[in-house]
There are 2 protein chains.
Amino acid sequence: MSPRPAVRPGGRSARVQRAVHDAVRELEADQGRAALTIPLIAARAGVTPSTIYRRWGDLQDLLADVAVERLRPETPPADLGGLRQDLEAWAAGFLEEMSSPPGRAYIRDALTGDPDAGNAGQCSAYALQQVEVILSRAVERGEHVPDADTVMDHVVAPMMYRVLFRPGLLDAQYARDLVATLFYRLMPLP
Amino acid sequence: MSPRPAVRPGGRSARVQRAVHDAVRELEADQGRAALTIPLIAARAGVTPSTIYRRWGDLQDLLADVAVERLRPETPPADLGGLRQDLEAWAAGFLEEMSSPPGRAYIRDALTGDPDAGNAGQCSAYALQQVEVILSRAVERGEHVPDADTVMDHVVAPMMYRVLFRPGLLDAQYARDLVATLFYRLMPLP
DNA sequence: AGCTTAACGCAAAGTTCTTGCGTCAAGGGT
DNA sequence: ACCCTTGACGCAAGAACTTTGCGTTAAGCT
């Protein structure tokens, strides 16, 4: 995993981490990402630069840490009463969030400087978890459901691919089309 | 697009670009990516650091430029006589290349520091082009073929998603399984 | 051949990064 | 409740990297 701290999560360390994360978000909003430097962030957070260098390593690692936190879903997927509706709504919201400029920036931050894909893996785990909530609710209703990996491969992956590699080919309908393809062609036969 | 030069592609500029690109690859092989710095690259290439700063901006932009060049396919996809065989072979080779440590590193380099996804878009265009070669050959044979975008969404995208977000879930069989799913479930009905 | 101008080298100034050392406080034990 | 151990922080000096102005070179054009 990346240099996520959490070694001694007590009072002071936690305070520093929060101050630094807040400083990153404030400066990012104020000055834009290109203006971010570690000395600047440290000054805003009220710590010395060397503290950040020691805990996070470099700017990329710090931004990756912040990005993963920002990409964590805040609420479970809405329950609309049926698998198809739940998946469509979740996929549309997910695509909306990920294709926005800040969303794309966070994804790229989470991907960079991360040889073993620890941060990126965490993001994928968040999405997988949301999908599994939707699927297990559908199972309880007695619906036929696809594998979570099938949803990841044929709904989440195409959206993320276009977000990262082919921006401009994205709208809310695309998410619904992928779910439709999942239902009409990829669903296990009942 | 990124600060790719090409403004005055004449003798000297071309020489400098080649020397710098070569220096990046040599140092990357010798010392590892973590050791790369612009002054080091400049020294190896026989230019002054300011030349690199002016032409490429920073290390990320330079690495992205090198990565796109390295990710350009060197040969058209093999013609094995049938769409399914061609796609399976190409997908397996593509996955093999992209999932290798250097492959993943190049992809991440191409993605980073690239707000408008110019470099990443180029990589996707390379893959699309290869797919289109395979598909148009199949059309000439009179085979039924899927859309290129369908192949991108349901074969290329899942592979790239796992390369970036879920390493460890990858083997050559996965590529073949995706092509099999394309054929049995996603193909247009004849 | 001469002209125009993008691109390069050099060097100085500014900023960022690294590192050693002393200090502080979190977590744990007596 | 108090002390002990140790990870984390602040400070400051030194090193490395980045930026920038200016003179020079050579590519592309007429």
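We name chains A, B, ... by the order of the sequence lines, and we start the count at 1 in each one.
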4.5 Å side-chain heavy-atom contact, A/Asp109 and A/Arg70: no
Interatomic distance, A/Trp56 CH2 vs D/dA8 P [rounded to whole Å]: 11 Å
4.5 Å side-chain heavy-atom contact, A/Arg166 and B/Asp149: yes
Distance in angstrom units between A/Ile41 CD1 and C/dC17 C1', rounded: 14 Å
Nearest-angstrom distance from the residue atom CG of A/Asp61 to P of C/dT18: 11 Å
Candidates C/dT16, D/dC9, C/dC8 - which lies nearest the side chain of B/Arg55: C/dC8
base_contact_polar (C/dG9 base, B/Arg54 side chain, donor-acceptor, <3.5 Å): yes
Check: B/Ile38 and B/Trp56 side chains under 4.5 Å, non-hydrogen atoms: no
Position toward the 5' end of DNA chain C (nearest nucleotide), A/Leu40 or A/Ser50: A/Leu40
Spacing of B/Arg15 atom CZ relative to D/dA26 atom C1', expressed in whole Å: 9 Å
Criterion side-chain hydrogen bond (donor to acceptor under 3.5 Å, both in side chains) on A/His154 and B/Asp153, from CA distance to verdict: CA-CA 7 Å; A/His154 296 284; B/Asp153 284 346; over 6 Å; no
Degree of bending, the helix from C/dA1-D/dT30 to C/dT30-D/dA1 (end axes from five pairs; round to 10°): 40°
Under-4.0 Å side-chain N/O to phosphate OP1/OP2 contact, A/Thr48 with D/dC9: no
A/Asp22/A/Arg44 under salt bridge (Lys or Arg N to Asp or Glu O under 4.0 Å): CA gap, chis, key distance, verdict: CA-CA 9 Å; A/Asp22 289 349; A/Arg44 180 85 162 221; over 6 Å; no
Interatomic distance, A/Asp58 CG vs C/dC17 C1' [rounded to whole Å]: 10 Å
Close side-chain approach of B/Arg72 and B/Cys123, heavy atoms under 4.5 Å: no
Of all pairs that satisfy salt bridge (charged side-chain N to carboxylate O under 4.0 Å, His left out), the ones with a partner from residues 89-107 of chain B, not counting sequence neighbours: none
Side-chain-base donor-acceptor pair under 3.5 Å for B/Arg12 and C/dA7: yes
Residues, nucleotides or ligands: over 12 heavy atoms within 6.0 Å of A/Arg18 CZ: no
Rounded distance (nearest 0.5 Å) linking atom CG of B/Leu178 with atom CD of B/Gln173: 10.0 Å
Interface residues of residues 27-39 of chain B with DNA chain D (non-hydrogen, below 4.0 angstrom): B/Thr37, B/Ile38, B/Pro39
